[in-house]
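The sequence lines fix the lettering, A, B, ..., with proteins before strands; numbering per chain opens at 1.
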Amino acid sequence: MSVIDAATAANNDNEKNDDAGQPGAFPSTRGGSSRGGSTVEKRRNLGIGSSVLLAVGAFVFLFPFYYMFIGSLQTAPDTSVAGAFPNPANLTGENYANINGSIDLLKGLVNSGIFTGGVILFTVVFGLLVGYALAQMHFRGKGFVFGMMLLVQMIPFQLLLIPLYVMIVRDYGLADSYIGMILPFAINSTAVFVFRQYFMQLPSTLFEAARIDGASELRILWQIAIPLVRPAIVTAILLTFIGPWNEFLWPFLVTKDSAIQPLAVSLANYISNVAATASNPFGAILAGACVLAAPAIALFIFFQRQFISTNIGSSVKG
Amino acid sequence: MSLRSSDGGPEAGSPAAGSPATGSVATGAPVGRTADQRLAPRKRKNLLGRQPLGLLFSAPYVIYVLAVLAYPLGYAVYISFHDFFFTAPRVKVDRPFVGLDNYITVLSDPAVQRSFANIGVFLVINVPLTVGLSLVLANALNRVTKLRTFFRVSYYVPYVTASVAVVGVWLFLFQQNGLVNALLGPLAPNPSWLTNSWLAMPTVALYVTWKQLGFFILLYLAALQNIPDELYESASVDGGNKWVQFWNITVPGVRSASVLVTLLATITGANLFTEPYLLTGGGGPDGASTSPVFLMYQKGILQGNPDVAAALGVVLVIGVLLIALIQKRLVGGKED
C-alpha cells in the first residue's frame, strides 16, 4: 500500500540469490564495514561539484522544515526574505495556543499514537510468527503463503478504497473506531518480508538443534530467533511507523468524529476549513505541522542507524 | 532442554514405524534427525510437512490477507460491474448487473479525462526528475566521507514526515506573496503557482518529487553497493574521467534499481490524493490539478456513486500497469 510495500514486491527476482548469498551471516554484522580499502580511495576523489551538489541538496531538503519552525513562531507572518531569519520582535508561542484551541493537539497525537501503535503491534506479533514460519519451518502450503505475501504488496490501495469503505464503514459499522482505522494496515507485508529475510540468514542447524533438544517452536522463536534479529525488529517498526502516522486518506474517510481523528486528519481539516477564519492562519497551520512532524523526525534521527540503505536493501536490493 | 525420549524415541528408533500422517498429529513438532533423514527422506515428510505448526503460525496473516485485502479486491471488480449504492448495514437490496455501464460513465466524463491528463503531466515531470536527481545525489552520497550521516538523514526527513504537515509550509512558501515569489521578484508568475492553471500540476509534481526523493536515494544507495569497485579502478586506469565512469559504469550498474524507482514513482503519482486535496484546495484551479483518486473520493463517497468510483479505480490500475510495462521496456534495456 505504501511506496515501500511495492518496492519489495518488485524485487522478487533477486530474492533467491539473496538467500543463497549469505547462509550464515548474522544481520548485525551487515554494514558498511565490509567495504575494502579501494573504497577509501574512491571516496577521496570526491570533486568540488559533488560537494556543492550535496550541500545544495541538504539545504533544499531541510530549509522548508526550518521555515516551518520559524513560521510557527511568528506573531505576524513575514514572507519577505528577512522573515526567514528569526526576529526577536516577531516571536511568539501564541500560534501553538491558537491551533490547540481549534484542534486538540494532545488528543490528536494520542489518536495518531493509538492508530500507529495498533498497526505496529499487529505487524510485529503476527509478522514475526509468519516470518519465522516462512524462513525456518517446513510445512505444507508454505509456497502459497510466500507467494501471497509478495503479491499482496502489489495490490494498489486505490482499488481497495471503495470496497473497504463499503465493508468497514457501511457493512460492519466501524466508522469512527480505532479498529476501522487500523484494519486495512494491520499487518504490514513489507515488515513480514523483512522478518523473513533476517530469519533466513540465521543458520538452520541452530533451529534443528533446538528442536532435537525438545524445545517447542514458540519457545525457539521467543528465546533463540527473536533475540538474534533485534535490529530487524527496529527496522520493521520504523518502516511500519511511516505508513499510519502519515496516512491521511483512509482515516479521513472513516472518521467524522473529531474526538477520534488522528492529528494528520484534524490538521488537514483545519487547513481546508477553519484556517480562512483565523487571524494568523499560517502561523497556526505551521504550529500544528511542527507538532505532527516532530515525533516522526525525532524517531528517525534517533534510530538513523537502523534506517540505512543496507537494512532497507535487505528488502529492496536492486 | 533435554532430549524428548518419550515421544521422539520410538519414531527416531525405527524410521518405518508410524505412518507419516499420525506422526505429525501425535507430535506438534516432529523431531527430525539427520541420520534418519538420510535413511528415509520421504518417510519423514508427512502430510503437513515437518513442522505443521508453521500453518498455525501463518494462519493469522493468511486470514488477514484474504479477508481484508484479497476479498475487497474481487469486491471492487464486482461493484464496478453492478448498479451499486450505499445502504444501511444488513439491508438486502437488488444490485443488478449493468455490464460496462459504469466504465462508459467514467470514460466519457470530461472531469475524469482531465484528471488522467493531469496525472500524465505529473508523471512527465515527476518521474524523470526523480530518477535523475536521486541517482545523482545517491552517487555523490556514496562517495562522500565527511558528514555522510548528516546528508543521508537530511535527505530522508521529508520522506518520513506527514504530507499534511509539509503541505502547510509549501502553501506558505508558494502563496501569492510568499517567500518564493519574494525571491523571484518580477519573475514571479501571476497568478501564483498553486492558483495558476498552468503551474498548479507542475508545482504539485515538484512537491512530490521533493517529498519522495529521500526514499529513492536509499534505494539507489543499496544498488550502488553492488557495483564492484574494480570496475571504477580499471576505468580510471584506462583514463576514463568521472563523467565517463558515471555513464558507463554507474548508470548501467543500477539499471534494475532504475526500473524499480520508475515503477514506484509512477505508482505514487497514480495514488495522488493528499496534495491536490490540500495544496490546491480540492484539485483547483478549475480542475487543473484534480487526480483520479480525488475523483474516486468525490464521486464514490461524497456523491454516493461507489460503482462509478470502483470502475474508475479499475481503469486507473490498468493504466498504471500499462505505463509500467512500457517503462520497463524503456528503462530496463534489452536484457529484460
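For Phe122(A), no part sits under 4.5 Å from any heavy atom of chain B, backbone or side chain. Proximity to chain A is absent for every atom of Tyr220(B), based on heavy atoms less than 4.5 angstrom apart. Interface residue Tyr67(A): backbone and side-chain heavy atoms are both found under 4.5 Å from chain B. Residue Val317(B) touches chain A through its side chain alone, counting heavy-atom pairs closer than 4.5 Å. With a 4.5 Å cut-off on non-hydrogen atoms, Val166(B) touches chain A through its backbone and its side chain both. With a threshold of 4.5 angstrom between heavy atoms, Tyr66(A) does not approach chain B through any atom at all. Of the two parts of Ile79(B), only the side chain, counted from C-beta on, holds a non-hydrogen atom closer than 4.5 Å to a non-hydrogen atom of chain A.
Listed for the Asn246(A) side chain is a donor-acceptor partner under 3.5 Å among the backbone atoms of Val160(B).
Contact detail for Phe61(A) and Ser154(B): the closest heavy-atom pair is CB-O, 3.4 Å. Across all non-hydrogen atoms, the minimal contact from Ser272(A) to Leu278(B) is CB-CD2, 4.4 Å.
Top candidate by heavy-atom pairs under 4.5 Å with chain B, chosen from Ala58(A), Ala296(A), Ala293(A), Ala133(A), is Ala58(A). Taking chain B as the reference chain and counting heavy-atom pairs below 4.5 Å, the highest number among Gln136(A), Met68(A), Arg170(A) is found for Arg170(A). Chain B forms the most heavy-atom pairs under 4.5 Å with one residue out of Val125(A), Val169(A), Leu292(A), Leu159(A), and that residue is Leu159(A).
Using a 4.5 Å heavy-atom threshold, the side chains of Phe57(B) and Glu217(A) count as touching.
Remark: aromatic rings of Phe126(A) and Tyr64(B) are distant, center separation not under 6.0 Å. A distance below 6.0 Å separates the ring centres of Tyr165(A) and Phe86(B). Taking the six-membered ring for Trp, Tyr297(B) and Phe252(A) have ring centres closer than 6.0 Å.
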